[in-house]
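Here is the structure we will look at, set down as structure tokens.
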Amino acid sequence: MDIRTDGPTLVLRGDFDGRSTSQVRSALGERLAADDELEIVVDLSGVRSVDVPALRVLAYASHAASRTGHLVRLRGCSPQVIRMLLLTRLMRFVEVDRPAA
């Protein structure tokens with residue numbers, strides 16, 4: 001998993017699974033602690049695969065962010081990510097950018 005920071009955006013590349021959750025959790029925690037941006041965007045357009053523990057990290061980060069007045073928004077979600085969010089019922093805990101029609 002490759003994680004880059006571009007301003008308030010975390011750009012993830014590679015396989016986002018149980019092995020990389022601690023890296024992503026740490027990066028999100030750093031962005032939330034910086035407190036210079038109210039909205040943090042997680043760009044998933046470069047993510048090849050995702051599993052349930054990874055999605056739980058994003059859902060928990062969204063919940064934690066909302067308690068401090070922040071927002072975590074997911075961008076570039078593939079159909080696989082959307083499907084997994086729906087199947088696991090985690091969609092209700094995350095904010096997802098919808099592609100422009």
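All heavy atoms count here, side chains included; hydrogens, waters and symmetry mates do not. Along the sequence shown, the residues carry numbers beginning at 1.
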Considering only heavy atoms from C-beta outward, does the side chain of Leu44 approach that of Val50 to under 4.5 Å?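 No, side chains not in contact.
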Contact between Phe16 and Val81 at the side-chain level, heavy atoms closer than 4.5 Å - yes or no? no
For [X] and [Y], work out which heavy atoms get closest and say how close.
| X | Y | answer |
| --- | --- | --- |
| Leu12 | Met1 | CB-SD, 3.8 Å |
| Leu38 | Gly69 | CD2-O, 3.8 Å |
| Gly76 | Asp43 | CA-OD1, 4.4 Å |
| Pro53 | Gly18 | CB-CA, 4.5 Å |

In this structure, would [X] and [Y] fall into the same cluster of hydrophobic residues linked by side-chain contacts under 4.5 Å?
| X | Y | result |
| --- | --- | --- |
| Val11 | Leu58 | no |
| Leu85 | Val52 | yes |
| Leu90 | Met84 | yes |
| Leu86 | Val42 | yes |
| Val41 | Leu32 | no |

All pairs passing side-chain hydrogen bond (donor to acceptor under 3.5 Å, both in side chains) where residues 20-29 contributes a residue, at least two apart: none
Please enumerate all residues that pass side chain to side chain contact (heavy atoms under 4.5 Å, CB included) together with [X], with sequence neighbours excluded.
| X | answer |
| --- | --- |
| Arg67 | Tyr60, His63, Ala64 |
| Arg48 | Asp15 |
| Ser62 | Val72, Val94 |
| Leu71 | Glu39, Arg73, Glu95 |

Name each donor-acceptor pair under 3.5 Å that joins a side chain in residues 3-10 to protein atoms two or more places apart or in another chain, with its distance.
none

In Å, rounded to the nearest 0.5 Å, how long is the span from CG of Leu55 to CZ of Arg89?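 Leu55 CG to Arg89 CZ: 15.0 Å, rounded to 0.5 Å.
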Value for OG (Ser45) from CZ (Arg75), rounded to nearest 0.5 Å, stands at 9.0 Å
Test: salt bridge (charged side-chain N to carboxylate O under 4.0 Å, His left out). Region: residues 54-63. Which pairs qualify, not counting sequence neighbours? none
For Arg19, check salt bridge (charged side-chain N to carboxylate O under 4.0 Å, His left out) against everything at least two apart and list the hits. Asp17
Salt bridge (charged side-chain N to carboxylate O under 4.0 Å, His left out) against Asp51, all qualifying residues, sequence neighbours excluded: none
Hey, are Asp2 and Arg13 close enough for a salt bridge, meaning a charged N less than 4.0 Å from a carboxylate O? no
